[in-house]
Structure formats: C-alpha cells, structure tokens
Amino acid sequence: MIIDVNVSLARWPFRRLIGDDTPELVARLRQRGVGQAWAGSFEALLHRDVGGVNARLAKECRTHGEGFLIPFGTVNPKLPDWQEDLRRCHEDHRMPGIRLYPNYHGYDLRDPVFAELVGLAVSKKLIVQIAVCMEDERTQHPLLHVRPVDCSPLPDALKREPTLRLVLVNCGPALRDDQLEPVLAAGDAYCDIAMVDGVAGVARLAERVTPQKVLFGSDFPFFYFESALLKMRESGLPEPDKQAIQEGNARRLVPS
C-alpha cells in the first residue's frame, strides 16, 4: 500500500487539472494502489476565509474519502484570529496536522509569528507540513511571482521544539540549495519526493538523508501521479527502503 502525503483538493487557481474533482481524484489514487492520502486545499493559497477553506476540505474528505483522504488544513498567521483557525483544525475537524504556505501568505520562517504558530501546533500534537513551493518559478503567472520558502531557519525551529514533527513537501528548491540535509538532521523531520528530479533521483536523495527521512508524495493533481510511481520504480532501492518510503515512514507519523 502507498500513503501519499501530498495531494490537494479543490481548483488550482490558474487552470483546470485532471483529477481536480474529489471523486475522480480518489478513484485515480485507489486504482494506483494508494491506501491513504494526506490532502490540503488549493484554496488555501489565496483565500482569506481560511476557516471556510478548512471546513470545505474536511467535508470533502468525509464525503468522498472517509478514512482514505486525511485532511491537513491551513493556518495563515498573518490574518486575524489565526489561533481560532488552528483550534478548529484540531478540535472541530480532528485533523492530524496542518499544511503551511509561508511564501503565499507573506511571512518568513524567521518571523516570530511562525515560532508562535509552531509552538501552538506542537502543543496540540499536530504534524506541520510546509510547502516549499507550489510550481516552478518559470511557469508562474506574471502577476503572481512567488519564490520558494527559505528553509534555512528550520534547524533552529526544530531545536526549539524537539517534539515537532515536520514534513517538507515539494522540497526540490531546498534540495538544490543544500538546505534540506540540515533540516532533516535537526529533528523529527521528513521530505517528500514530488519535486525530486533526475535519473535515480529518489535513490540519491535516500543516500543523502537516509530512506527513513523520505516520504512518498505525488503533488497530485498538479503533477501526474504516475511520475511519483516511476521515480520509485526506477530508483533501484532495496524493497525494505521502498516500503519505508511508500508507507512505513508515514505510518509512524500517523498511526491507523
């Protein structure tokens, strides 16, 4: 079985995607051997009504993928009453974690409000996912140019919060900028394979950071799901390492 830690529901703001209707997304994932998918929402990028985004996400997961789609709501700490949005994710929607978009929400990981947000999430035992980027800068709309998240402050954040469970999704820019290894070495931190490129890219990543720090993430439907599958198939990794990446490591983060 595969646990996909990086899928998104709703509509990508700039074009339609194959699989951006939730029933179709669920069907396509199930057909390809996925047993569980951690779902954020594309609406979280630009909508200011974060509470509404999270409520719709939770409802979609219940309606079309109960026990299969695991909702990861978002919090924008630059908006008023963000602490209430976090409380609702935890208490009302029973989400196991949150997915943050610092570059779209206009804050740096050195901002004191990020440390406050992480501390509150840790107190609620929530996993914190950070989307390092959402698309290649070369393909972005000219009126919405968004740079990748600078991950260099994260080792200090992990040292401040030793029980933080951190997942970097779409971590390609951090990998290219040599920011990834210090983050993963600093604590209970992981990365996904959605933006890991090149021949034997997953194998080279596993060698750099150990297979126990890598998670299967497809970024479906923005990317074709088959791309992530092919990365695993051509990796040449031993079967136990493949099993850890495709399911075991995520299973430890969110037990059944």
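Applying the under-4.5 Å side-chain rule to Ile, Leu, Val, Met, Phe, Trp and Tyr, the cluster around Leu79 extends to Val50.
In this structure, the side chains of Phe114 and Asp108 stay at 4.5 Å or more apart for every pair of heavy atoms. Thr22 places none of its side-chain heavy atoms less than 4.5 Å from the side chain of Thr63. In this structure, Arg87 and Asp92 have side chains that are in contact, with non-hydrogen atoms separated by less than 4.5 Å. No side-chain heavy atom of Glu60 sits under 4.5 Å from any side-chain heavy atom of Pro71. In this structure, the side chains of Asn249 and Phe216 stay at 4.5 Å or more apart for every pair of heavy atoms. Within the 4.5 Å cutoff, the side chain of Asn54 has heavy atoms near those of the Met95 side chain. A 4.5 Å side-chain heavy-atom check between Leu215 and Leu253 finds at least one atom pair inside the cut-off. Looking at Asp111 and Lys78, their side chains come closer than 4.5 Å, going by heavy atoms from C-beta outward.
Scanning all heavy atoms of the two residues, the minimum distance from Ala10 to Glu43 falls at CB-CG, 3.7 Å. Closest of all the heavy-atom pairs between Lys242 and Met232 is CE-O, 3.4 Å. Minimum interatomic distance between Glu137 and Pro148 (heavy atoms only, all atoms of both residues): OE2-CD, 3.5 Å. The minimum heavy-atom distance between Ile245 and Pro211, with the atom names listed, is CG1-O, 3.8 Å. The two residues Glu91 and Lys124 come nearest to each other via the heavy atoms OE2-NZ, 4.3 Å. Annotation for Asp20 and Arg11: closest pair O-NH1, 3.0 Å, computed over non-hydrogen atoms.
One distance of note links OG1 of Thr163 with NZ of Lys125; it measures 9.0 Å at 0.5 Å rounding. To the nearest 0.5 angstrom, Ile3 atom CD1 is 5.0 Å from Glu247 atom CD. In this structure, the separation between CG on Asp85 and CG on Asp49 is 8.0 Å, given to the nearest 0.5 Å. For the atom pair CE (Met1) and CD (Gln243), the distance works out to 9.0 Å, reported to the nearest 0.5 Å. Atom-to-atom distance recorded for Leu120:CG and His90:NE2 is 10.0 Å, nearest 0.5 angstrom. Rounding to the nearest 0.5 angstrom, the gap separating the CD atom in Glu135 from the CZ atom in Phe222 is 4.5 Å.
Counting heavy-atom neighbours within 6.0 Å of Glu207 CD, excluding the residue itself, gives a total of 12 or less. Other residues, nucleotides and ligands contribute more than 12 heavy atoms inside 6.0 Å of the CZ atom of Phe223.
Both Leu175 and Leu109 are part of a single hydrophobic cluster, where members link through side-chain heavy atoms under 4.5 Å apart. At a threshold of 4.5 Å between side-chain heavy atoms, the hydrophobic network of Ile, Leu, Val, Met, Phe, Trp and Tyr places Val5 and Ile127 in one connected group. When the side chains of ILVMFWY residues are joined at heavy-atom separations under 4.5 Å, either directly or via intervening members, Leu69 and Ile2 end up in a single hydrophobic cluster. When the side chains of ILVMFWY residues are joined at heavy-atom separations under 4.5 Å, either directly or via intervening members, Val7 and Leu45 end up in two distinct hydrophobic clusters. Using a 4.5 Å cut-off between side-chain heavy atoms of Ile, Leu, Val, Met, Phe, Trp and Tyr, with links allowed through other members, Leu100 and Val122 fall into the same hydrophobic cluster.
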Could you pull out every donor-acceptor pair under 3.5 Å between side chains of residues 184-204 and any protein atom, sequence neighbours left out?
| unit_1 | atom_1 | unit_2 | atom_2 | d |
| --- | --- | --- | --- | --- |
| Asp188 | OD1 | Tyr190 | OH | 2.6 |
| Asp192 | OD1 | Asn170 | N | 3.0 |
| Asp192 | OD2 | Asn6 | ND2 | 2.9 |
| Arg204 | NE | Val199 | O | 3.3 |
| Arg204 | NH2 | Asp197 | O | 3.4 |
| Arg204 | NH2 | Val199 | O | 3.1 |

* To do: Evaluate the side-chain contact (heavy atoms from CB on, under 4.5 Å) criterion for residues Asp150 and Arg110: first the C-alpha distance (whole Å), next the side-chain angles of each, then the deciding distance (0.1 Å), finally the verdict.
  => CA-CA 9 Å; Asp150 177 8; Arg110 295 179 179 83; 3.2 Å; yes
* **Trace of the salt bridge (charged side-chain N to carboxylate O under 4.0 Å, His left out) decision for Arg28 with Glu24** => CA-CA 6 Å; Arg28 286 176 175 268; Glu24 181 185 3; 3.0 Å; yes
* Asked: After noting the C-alpha distance and the side-chain angles of Arg16 and Asp21, does the key distance pass the salt bridge (charged side-chain N to carboxylate O under 4.0 Å, His left out) rule?
  -> CA-CA 10 Å; Arg16 290 298 303 270; Asp21 285 316; 3.7 Å; yes
* Check step by step if side-chain contact (heavy atoms from CB on, under 4.5 Å) holds for Val132 and Cys151. => CA-CA 8 Å; Val132 179; Cys151 295; 3.9 Å; yes
* **CA sep, side-chain torsions, deciding dist, call: Glu116, Trp82, side-chain contact (heavy atoms from CB on, under 4.5 Å)** => CA-CA 11 Å; Glu116 183 183 355; Trp82 62 264; 3.6 Å; yes
* Asked: Where do Trp38 and Val169 land on the side-chain contact (heavy atoms from CB on, under 4.5 Å) test, with the steps shown first?
  -> CA-CA 11 Å; Trp38 301 1; Val169 298; over 6 Å; no
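If you look at Tyr101 and Phe72, their ring centroids are not closer than 6.0 Å.
Comment: Arg208 engages Asp178 in a salt bridge, judged by a side-chain N to carboxylate O separation of less than 4.0 angstrom.
With Asp177 contributing its side chain and Gln179 its backbone, the two residues share no donor-acceptor pair below 3.5 Å. Here the side chain of Asn103 pairs no donor or acceptor atom with the backbone of Val146 at under 3.5 angstrom. In this structure, the side chain of Asp156 does not engage the main chain of Pro153 through any donor-acceptor pair within 3.5 Å. With Thr139 contributing its side chain and Asp136 its backbone, the two residues share a donor-acceptor pair below 3.5 Å. Side chain of Gln129 to main chain of Gly40: no donor-acceptor pair is present (N/O by atom type, distance under 3.5 Å, no hydrogens or angles).
Scored by the ring pair (Phe, Tyr, Trp, His ring centres under 6.0 Å) test, Phe42 finds Trp12 as partners (sequence neighbours excluded).
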